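As structure tokens, the structure follows; a few thoughts come after it.
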Amino acid sequence: MTGNTAGRRIWYLVDVERRTVWIDQASTAHPKTTDRLARVFRKTGRGGLPSVNYLITLLGWRNTYTHQNPGLVSSMLETEDGFVHVYTPADAMRAAAVLAVMVAGHDRVNFLITDKHPGPSFPPDPFRDELTDGAAVWPHLSHHGRPDLVLASAGDIPARELSAVRLLRESNPEIKIRYLHVNDLAALGPAPRWPYALPEKTFTRMFGTDTPVLMAVPTHPGTVRALLAARGETSRFHVVGYREPARPTTPEGLLEHCGLSAAALSAQAALMIKEHSG
């Protein structure tokens, strides 16, 4: 891996989610070597190093028999290394654009989590901000003004399920919701530990200061909670993500088990609004 990047080769790994944990040790060690090499390359006028790019496309959400285990991404985020980016685009168009950015970049270790199966597409208008800032509000699913609840998705399957919570708006028109999508989980961490983190003002503009937040992610939820806790955000965020089912189940059964189905997320959203207003 390090030899490839030092030789200025673009490095890809396209693999099953579960098998990526086999290269955990090499992946977590690579950013340390990359940092040293990048400094040498810049001093000698050779520019940055090509990025290492992981495409994780066969997800445990589809195959709970052999493919589940998002542990590599959790390990990489736990390194708190600013070289790491974990991209969680909402649809195929966004995934293609993110891949182009990954290939063109330097001095990074990039992870792209995207389902290889067809899924819904979402309006492209907010995507420029998603790509630039790491997250953006989706106006077509949001009310104007201060919301009663913030919904935040990361990844295509969470976006598919959480965006269905719009039905809550239709059945309860008095409820105000702000919906946003997180395109890079690393943006949730605090600066300067994470160089590409959402600035504090932007984070507050999106998530508010005292509004409850329901977040759906494709990774272990504890990893995302740790990023938010480093910002001092703990109690008002309810993060839902992967939980080991202990036995094989259907994709629908896994979503239910993890609380990530549209029905489970709608029920959780209604409960959070009730608790906050009470």
Side-chain angles (χ1 to χ4, degrees), residues 1-2 4-5 7-21 23-24 26-28 30-31 34 38 47-63 67 70-77 81-136 138 153-160 163 180-189 194-198 216-219 224:
M1 188 186 303
T2 301
N4 274 307
T5 51
R8 306 189 70 80
R9 300 181 185 93
I10 297 174
W11 203 90
Y12 290 97
L13 174 69
V14 184
D15 210 343
V16 173
E17 187 173 51
R18 182 176 180 84
R19 276 206 301 263
T20 57
V21 297
I23 55 171
D24 195 337
S27 300
T28 52
H30 181 73
T34 298
L49 289 171
S51 295
V52 171
N53 302 306
Y54 295 81
L55 280 64
I56 304 175
T57 60
L58 195 55
L59 309 180
W61 300 107
R62 293 288 184 183
N63 184 340
H67 296 344
L72 176 61
V73 166
S74 297
S75 296
M76 296 305 297
L77 288 173
D81 194 303
F83 282 104
V84 174
H85 292 262
V86 178
Y87 292 108
T88 51
D91 56 28
M93 179 278 292
R94 287 166 163 82
V98 166
L99 181 58
V101 170
M102 289 165 54
V103 172
H106 292 85
D107 305 331
R108 296 183 178 186
V109 180
N110 299 312
F111 296 83
L112 172 57
I113 303 174
T114 181
D115 191 6
K116 72 174 185 177
H117 294 269
S121 297
F122 300 96
D125 300 348
F127 181 59
R128 181 181 295 274
D129 291 336
E130 293 171 37
L131 199 56
T132 303
D133 299 332
W138 283 4
S153 56
D156 43 14
I157 293 176
R160 182 193 71 196
S163 62
L180 60 93
H181 186 80
V182 178
N183 186 61
D184 183 1
L185 289 179
L188 297 175
W194 295 95
Y196 299 94
L198 286 168
V217 302
T219 61
V224 176

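What you see is a predicted model, and the numbers here were worked out from it, not measured in a lab.
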Practice task
Walk me through it: do Trp194 and Leu188 pass the test side-chain contact (heavy atoms from CB on, under 4.5 Å)?
Solution key: CA-CA 9 Å; Trp194 295 95; Leu188 297 175; over 6 Å; no
Problem - Any Asp81 side-chain heavy atom under 4.5 Å of Val109 side chain - result: no
Problem - Test item: Thr219 and Ile113 side chains (from C-beta on) under 4.5 Å apart, heavy atoms - result: yes
Interatomic distance, [X] atom [atom1] to [Y] atom [atom2] [nearest 0.5 angstrom]:
{"X": "Leu180", "Y": "Trp138", "atom1": "CG", "atom2": "CH2", "result": "9.5 Å"}
{"X": "Asn183", "Y": "Leu131", "atom1": "CG", "atom2": "CG", "result": "6.0 Å"}
{"X": "Lys116", "Y": "Asp156", "atom1": "NZ", "atom2": "CG", "result": "13.5 Å"}

Handout entry: Test item: Asp129 side-chain N/O and Ala136 main-chain N/O as donor-acceptor pair under 3.5 Å
Key = no
Practice task
Given side-chain contact (heavy atoms from CB on, under 4.5 Å), test Thr114 with Leu55 step by step and report yes or no.
Solution key: CA-CA 8 Å; Thr114 181; Leu55 280 64; over 6 Å; no
Completion exercise
What one should report as the nearest heavy-atom pair of Ala197 and Gly189 is CB-O, 2.9 Å
Completion exercise
Tightest non-hydrogen contact, residues Pro158 and Ala216, listed as CB-O, 3.5 Å
Side-chain donor-acceptor distances from residues 83-103 under 3.5 Å, at least two apart:
from: His85; atom 1: ND1; to: Asp184; atom 2: OD2; distance (Å): 2.7
from: Tyr87; atom 1: OH; to: Arg108; atom 2: NH1; distance (Å): 3.0
from: Thr88; atom 1: OG1; to: Val182; atom 2: O; distance (Å): 2.7
from: Asp91; atom 1: OD1; to: Met93; atom 2: N; distance (Å): 3.4
from: Asp91; atom 1: OD1; to: Arg94; atom 2: N; distance (Å): 3.0
from: Asp91; atom 1: OD2; to: Arg94; atom 2: NH1; distance (Å): 2.9
from: Asp91; atom 1: OD2; to: Phe122; atom 2: N; distance (Å): 2.9
from: Arg94; atom 1: NE; to: Glu130; atom 2: OE1; distance (Å): 3.0
from: Arg94; atom 1: NE; to: Glu130; atom 2: OE2; distance (Å): 3.4
from: Arg94; atom 1: NH1; to: Phe122; atom 2: O; distance (Å): 3.4
from: Arg94; atom 1: NH2; to: Pro123; atom 2: O; distance (Å): 2.8
from: Arg94; atom 1: NH2; to: Glu130; atom 2: OE2; distance (Å): 3.1

Exercise for the section: Test side-chain contact (heavy atoms from CB on, under 4.5 Å) on Phe111 and Leu185 and set out the steps. Expected result: CA-CA 10 Å; Phe111 296 83; Leu185 289 179; over 6 Å; no
Fill in the blank from the handout: Residue set satisfying side chain to side chain donor-acceptor pair (under 3.5 Å) with Ser163, at least two apart, ordered chain then number -> none
